[in-house]
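Here's the structure, in structure tokens; my notes come after.
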Amino acid sequence: MTASAPAASPAPPQVLLAHHLRQLKLPTFLREYEKLAAEAAREGLDHVRFLLRLAELELIDRERRMVERRIRAARFPAVKSFDTFDFTAIPSLNKPLVLELARCEYLIARDNVIALGNSGTGKTHACLALGLAACQRGFPVSFFTAAGLVHQLMEARDERRLLKLQAQLAAVKLLIVDELGYVPLSQTGAELLFEIFSQRHERGSTIVTSNLPFEEWTSVFGNQRLTGALLDRLTHHVHILELNGESYRLKQSKARRRRDPRPPDEVAAAADPETGEIIRAS
Ligand code: ADP
Ligand code: MG
């Protein structure tokens, strides 16, 4: 009689279950099922209710992971929301309109938003908060500065992948173009940007922020006809946010100085972390 090798013992069910749950991409099921099973046993929950709880947890977690993924894909320079936005600091801004926009229905209507106002009045903050709200409600978002977008378009053109980038930009539900107007565009840059706005017209929403009133946009695009055609498309279905007032940063640094009445030479000159501008007590 030859001794046969001992049969391999079957894998414990936990190992198989973990494998299947990974295959099915149910990480929350996997993480929580033992704890929930113990809870269900203690509370006398039946199997269906136990499964229901697990499925609900997985759904909540999945939604959170998707929002995080959308936020990463949007490439926001910072994540800001209206929770930290002080509407009383900018009375020219139509708060009910902003709160309405934060509900994201304009994205379904494919309306645009243009935020105009001088520097430091919260235009970037407001468009970041609208971008975040869109991510939270399930819309894909892309954030660019106007100069950054033009740079990417020119680079894509030089590398013969302009059509691909244009298709990506046309497909995104919300395109945010911040800081139009700080840098005048080259003729090619202006034409490439025009093409993007044109391709998105009535297909998806675009938010543009600018420090310049519409009358001065020609100075950015360097061409009256192109500017006219662009404004025509952009303002066809548009909500305009006016942020005119004192710079929030300036106001804050003045308030800081009021709280710290030491003579100017005792107050160390500090650089504004965003602008690099030296803040001195006056
Ligand atoms: P803009 O884009 O109009 O130049 P920002 O949005 O960059 O201005 O605002 C400058 C700084 O001040 C940012 O840190 C921003 O978060 C803050 N800020 C501006 N307005 C407000 C506001 N009304 N409430 C809270 N923070 C604000
Ligand atoms: Mg800004």
Side-chain angles (χ1 to χ4, degrees), residues 71 74-104 106 112-136 141-152 174-185 189 193 196-197 205-217 219-221 234 238-260 269-282:
I71 292 172
R75 298 185 172 273
F76 296 127
V79 177
K80 295 200 179 184
S81 75
F82 287 117
D83 295 348
T84 56
F85 193 83
D86 176 8
F87 283 92
T88 63
I90 184 85
S92 70
L93 182 62
N94 181 343
K95 181 178 175 182
L97 173 59
V98 174
L99 296 182
E100 171 62 32
L101 292 173
R103 293 174 50 211
C104 296
Y106 72 103
N112 297 323
V113 177
I114 300 181
L116 299 174
N118 49 301
S119 180
T121 49
K123 298 182 297 297
T124 300
H125 191 139
C127 73
L128 285 171
L130 287 176
L132 179 66
C135 289
Q136 286 166 338
V141 180
S142 271
F143 179 100
F144 293 90
T145 59
L149 178 56
V150 167
H151 181 81
Q152 290 213 20
L174 172 61
L175 177 70
I176 302 177
V177 181
D178 194 22
E179 295 185 354
L180 186 80
Y182 280 114
V183 194
L185 304 173
L193 197 57
I196 296 302
F197 289 143
S205 300
T206 306
I207 299 182
V208 177
T209 81
S210 179
N211 58 320
L212 297 179
F214 291 130
E215 307 84 76
E216 291 175 38
W217 282 31
S219 67
V220 180
F221 289 92
L234 217 49
V238 75
H239 305 276
I240 296 185
L241 301 178
E242 290 189 39
L243 294 94
N244 283 305
E246 196 182 355
S247 156
Y248 190 82
R249 289 189 199 106
L250 206 63
K251 214 161 23 187
Q252 292 242 307
S253 60
K254 276 187 192 161
R256 269 198 303 275
R257 269 175 259 156
R258 272 199 297 277
R259 283 196 300 272
D260 187 356
D272 183 309
E274 280 176 60
T275 59
E277 171 187 320
I278 301 295
I279 303 166
R280 291 177 196 278
S282 50

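Just so you know, ligand 1 is whichever comes first in the structure, and atom 1 is the first atom listed for that ligand. In this chain, numbering begins with 1 at the start of the sequence shown. The shown structure was predicted, so the numbers you read here are calculated from the model rather than taken from an experiment.
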Original post:
With no hydrogens and no angle check, is any side-chain donor or acceptor of His151 less than 3.5 Å from a backbone partner on Ala146?
Top reply: no

Original post:
Taking atom 25 (C) of ligand 1 as the point of reference, which of Thr84, Asp178, Leu128 owns the nearest heavy atom?
Top reply: Thr84

Subject >> Distance filter under 4.0 Å to Thr121 heavy atoms, resulting ligand 1 atoms >> reply: 1 (P), 3 (O), 8 (O), 20 (N)

Original post:
Looking at Gly122, which atoms of ligand 1 are within less than 4.0 Å of one of its heavy atoms?
Top reply: 1 (P), 3 (O), 5 (P), 6 (O), 8 (O), 9 (O), 19 (C), 20 (N)

Original post:
If we only count N/O pairs under 3.5 Å, is Gly120 in contact with ligand 1?
Top reply: yes

Original post:
Which of the atoms in ligand 1, numbered in the order shown and given with their element, are less than 4.0 Å from a heavy-atom of Lys80?
Top reply: 13 (C), 14 (O), 15 (C), 16 (O)

Original post:
Knowing that exactly one of Leu99, Leu97, Val98 qualifies, which makes a side chain to side chain contact (heavy atoms under 4.5 Å, CB included) with Lys95?
Top reply: Leu99

Original post:
Tyr182 to ligand 1: N or O pair under 3.5 Å?
Top reply: no

Subject >> From Asn94 atom CG to His239 atom NE2, the distance as rounded to the nearest 0.5 Å >> reply: 11.0 Å

Original post:
Side chain of Thr121, backbone of Leu243: donor and acceptor closer than 3.5 Å?
Top reply: yes

Original post:
Do the side chain of Ser210 and the main chain of Leu180 share a donor and acceptor less than 3.5 angstrom apart?
Top reply: yes

Original post:
Do the side chain of Ser92 and the main chain of Glu242 share a donor and acceptor less than 3.5 angstrom apart?
Top reply: yes

**OP:** Record the part of Glu179 in heavy-atom contact with ligand 1 below 4.0 Å; permitted values are side chain, backbone, both and neither.
**Re:** neither

Original post:
Sub-3.5 Å donor-acceptor pair from the side chain of Lys123 to the main-chain atoms of Asn118, do we have one?
Top reply: yes

**OP:** Ignoring hydrogens and angles, tell me if any N or O in the side chain of Asn112 forms a donor-acceptor pair with the backbone of Thr206 under 3.5 Å.
**Re:** yes

Original post:
Side chain, backbone, both or neither: which part of Tyr248 comes within less than 4.0 Å of ligand 1 when only heavy atoms are counted?
Top reply: side chain

Subject >> Option nearest atom 11 (C) of ligand 1 (shortest heavy-atom distance, choices Gln252, Lys251, His125, Arg249) >> reply: Arg249

Subject >> Presence of N, O or S from Ser119 under 2.8 Å of the Mg ion (ligand 2) >> reply: no

**OP:** Could you pull out, from Leu116, Asp86, Asp83, Leu243, the option with a heavy atom nearest to atom 23 (N) of ligand 1?
**Re:** Asp86

